[in-house]
Asks: 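One structure coming up, written as structure tokens, with questions to follow.
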2 protein chains.
Amino acid sequence: MPARSFSPPASTPSAQLWTLPGGLRVAFERRAGPGFAFDLRVPVGNAHDPPGQEGAAGVLEEWLFKGAGGMDARALQDAFDDLGVRRGGGVGPEATRFTASGLGADLGAALRLTACVLIQPELPEAELNVLTDLARQDLEGLADSPSDLLAVHARRLAFPRPAGSPFAGFTHPASGTLEGLQALTSAGLRAHLTRYGQAGSVLGLVADLEPSEAFELVQRALAELRSGQVAQVPAVFRAGGRAHHTDADAEQTHLSITAPGVAPTHPDWLAWQVALTALSGGSASRLFTAVREERGLAYAVSASPVLLGGQGFLSAYAGSTPERAPETLEVMLHELARLPQGLKPDEFHRACTSLTTSVVFGAESLRSRAGSLTRDVAVFGRVRPISELRARLAALTLEDVNAFLAGYNPVGHATVTTLGPVDPGGPLAESVFSLPAEVHHA
Amino acid sequence: MPARSFSPPASTPSAQLWTLPGGLRVAFERRAGPGFAFDLRVPVGNAHDPPGQEGAAGVLEEWLFKGAGGMDARALQDAFDDLGVRRGGGVGPEATRFTASGLGADLGAALRLTACVLIQPELPEAELNVLTDLARQDLEGLADSPSDLLAVHARRLAFPRPAGSPFAGFTHPASGTLEGLQALTSAGLRAHLTRYGQAGSVLGLVADLEPSEAFELVQRALAELRSGQVAQVPAVFRAGGRAHHTDADAEQTHLSITAPGVAPTHPDWLAWQVALTALSGGSASRLFTAVREERGLAYAVSASPVLLGGQGFLSAYAGSTPERAPETLEVMLHELARLPQGLKPDEFHRACTSLTTSVVFGAESLRSRAGSLTRDVAVFGRVRPISELRARLAALTLEDVNAFLAGYNPVGHATVTTLGPVDPGGPLAESVFSLPAEVHHA
């Protein structure tokens, strides 16, 4: 047993932060109760797919579960199911997550099985065709879901791949591309797997254990995990982009706006969260009121923060009728354009109350708390105690938020992607975009 | 203040069950912590829409929030948002739910606002056109979501409206029909609202309060709620139905199977839950293994229980390619057809472990616990303690489950609905269905 050469616990009353000798960071919080939950985040996502092998991370994640540690696929699944463990996770743009939750006595076994998948996967050749084929089916299914398809188009337009990047970047969905899937080989995927290791990885864990016991279990399961590689895929935002994708059969027109935001580590992060909540956090929010309540333009409208490449971006969406889409787009852009004028006191108060409630409820379930521990360490480099988040929100003033907003002009740099039977265009849309619309026909 | 003429608390260690003089049943569970959650279920859903006024419950639910108790729509929304309360709920086939969660001090205000919406809604005439128009947009959007559209078609085929029923029944989505929305009038909706009252309604509440304090808050907010009407819409299942809906533009073929199941109050309910879990509860489940893992036929496949009209039904779904859809349908039907042969010991063990874990995690969050309290009272007439559920699962034997399964033949009475570019058909499908396929062209 190696000496416990881990970092001293962070100065929070409840959460412990350790670093294994191999580099894996572990955030642990003790919670009384019968269950456990963990969330292991490995910083290799589909944006890390090698160019021309789009789909590598998605297929590899499925392949890992096709047997490990001498168990075939069926035996491995049975082993997880025998524990009654609920597994989750999946492949995102920047990371692959492996999550599990279950009853306390099974934590050690669940950690060992998950580690086994990463450390000793069987990777049977015979399964590879089946998996690329399933990925192809998933990809083809995208055509039946216009809002998901729009999201892929929007990301591709807003975050083009920088020339010479060693990564495929943000231009493809998790399932890859038809060409990328075709090009996948078992040797290529095995080489890609060497990236998946302790470097940059974070394990968030909540369980009713002494910290030393928790550390023992994690150490025993994961100490042998390879070192891996960590690299941030650059998210180079293309401001002023505009594209319409014609889908003659669509009943609705789907609208997506992407605009710059604030990085999590920036001092204005919290002010931006408050502004986004006023914009889209409830039935009294600006977008919901202006688009749906006052004008009945769209059934669904929302805006949310998106983190890519260590930066923050605003992503807004609406689904409207083809006839009302131009006005919907104008109203959405108008709401973004008036953000620099600042929030009113009641909007500010409501947004802070809503965020405070979210903080409290977000810490409630084991699964969401494990996810927050992992996200905190991955994004902020430490665990933010709930009490600190509440205190910061309480200390924030309307003046702070409005001082930030006075210099925040998302519309001036927005990129707009639409999908539907006809291009919605519109005068405000035309006036604010420097680039002409690129019209793609389906 | 009326005397507390409520029923004695049920004999559970933690949950209290009261009945207000007007008939509202209240299930309360005390939980230490900063938050509260409640779930008010009023037994009027879209199946209760008057024939020819399909969409009534959906539009009415939106209309209720357009101002109440002297507040206009904006003031009402601001009042909810000022509390930082997260609202939820919506219209299902058999009930409309009003849920809220927030910080403890705001429970009384959140209950009063919710009650106000039901008791003193403003129902402004000018909003009605906007709301029916939004419902129409939602309805048109269905065409862009084949799996949702399939679910509507499947329910319509499986549960046709009995001749002479005073209710529109299960043949339309929550947003209604174009004709039904056209026919809605303010007088008709106001008349429909008289059904929404204490009769048959259930409030599940979790908060950190003395039971007597909780009762006071509920009583003060909801005692004035009208009596309302409760009526169960009969779910008359049409066995052996078969329909294909042609969508020439769809990339995928979507498959839905509906079959009889077990009513919640039947002694075999738990055995059926175990069988469904073995069929579809995890990556080692029969459907997932047979359809996806062994044959790569479909990316998504699942089966779940559906409760309608006090009965239980099995509902299975898969999305496949047009080429593989016939085999996918056959494999799914084959898995249902072999249920009478019973489970193997390891399948039984895994399913019981999985259900036990679900029971523990289902009680974890305030919101899900409030929902469980409400559902327990609505479906079982009482709150089932977590300890009882665990004990029952522990007492269940493989022999119990297999004795039930020996007499359970879902395929013999299944109804199948498909949607995609071509009718999947298939030999087993043809052999098991007594009725010829009705082919609908889009």
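Proteins come first, then strands; the chains are lettered A, B, ... in the order of their sequence lines, and each starts at number 1. Only heavy atoms go into these numbers, but all of them, side chains included; no hydrogens, no water, no symmetry mates.
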Asks: Strictly below 4.0 Å, N to O, side chains only: are K66(B) and E293(A) in salt-bridge contact?
Replies: yes
Asks: Do you know which of A37(B), P146(B), S354(B) has the most heavy-atom pairs with chain A at a distance under 4.5 angstrom?
Replies: P146(B)
Asks: Strictly distance-based, threshold 3.5 Å: is any side-chain N or O of D249(B) a donor or acceptor partner for the main-chain N or O of D249(A)?
Replies: no
Asks: Quick check for you: among G102(B), S145(B), P34(B), which has the greatest number of heavy-atom pairs under 4.5 Å with chain A?
Replies: G102(B)
Asks: Of the listed residues (T357(B), D138(B), N129(B), V130(B)), which shares the most heavy-atom pairs with chain A below a 4.5 Å separation?
Replies: D138(B)
Asks: To the nearest 0.5 angstrom, please state how far the CZ atom of R350(A) sits from the CG atom of D78(B).
Replies: 3.5 Å
Asks: May I ask you to name which of G33(B), S147(B), S101(B) has the most heavy-atom pairs under 4.5 Å with chain A?
Replies: S101(B)
Asks: Pick whichever of L76(B), L297(B), D106(B), T356(B) has the most heavy-atom pairs under 4.5 Å with chain A.
Replies: L297(B)
Asks: Please classify the contact of T289(B) with chain A as side chain, backbone, both or neither, using a heavy-atom distance under 4.5 Å.
Replies: side chain
Asks: Is there a donor-acceptor contact under 3.5 Å linking the side chains of Q252(B) and Q137(A)?
Replies: no
Asks: Look at R324(A), E62(A), E127(A) and state which one has the largest set of heavy-atom pairs under 4.5 Å with chain B.
Replies: R324(A)
Asks: Rounded to the nearest 0.5 Å, how far does CD of E251(B) lie from CG of L139(A)?
Replies: 10.0 Å
Asks: Between atom CG of D81(A) and atom OG of S285(B), what is the distance when rounded to the nearest 0.5 Å?
Replies: 7.5 Å
Asks: Please identify, among L103(A), T321(A), T353(A), L134(A), the residue contributing the most non-hydrogen atom pairs under 4.5 Å to chain B.
Replies: L134(A)
Asks: Is NZ or CZ of R86(B) both nearer than 6.0 Å to the six-membered ring centre of F361(A) and within 45° of the ring axis?
Replies: no
Asks: Given heavy-atom pairs under 4.5 angstrom as the criterion, report whether the side chain, backbone, both or neither of R87(A) touches chain B.
Replies: side chain
Asks: Is it the backbone or the side chain of L355(A) that comes under 4.5 Å from a heavy atom of chain B, or both, or neither?
Replies: neither
Asks: Strictly below 4.0 Å, N to O, side chains only: are R295(A) and D133(B) in salt-bridge contact?
Replies: no
Asks: Any ion pair linking R369(A) and E364(B) (charged N to carboxylate O, less than 4.0 Å)?
Replies: no
Asks: Based on non-hydrogen pairs under 4.5 Å, which of G319(A), G35(A), S320(A), A250(A) is most in contact with chain B?
Replies: A250(A)
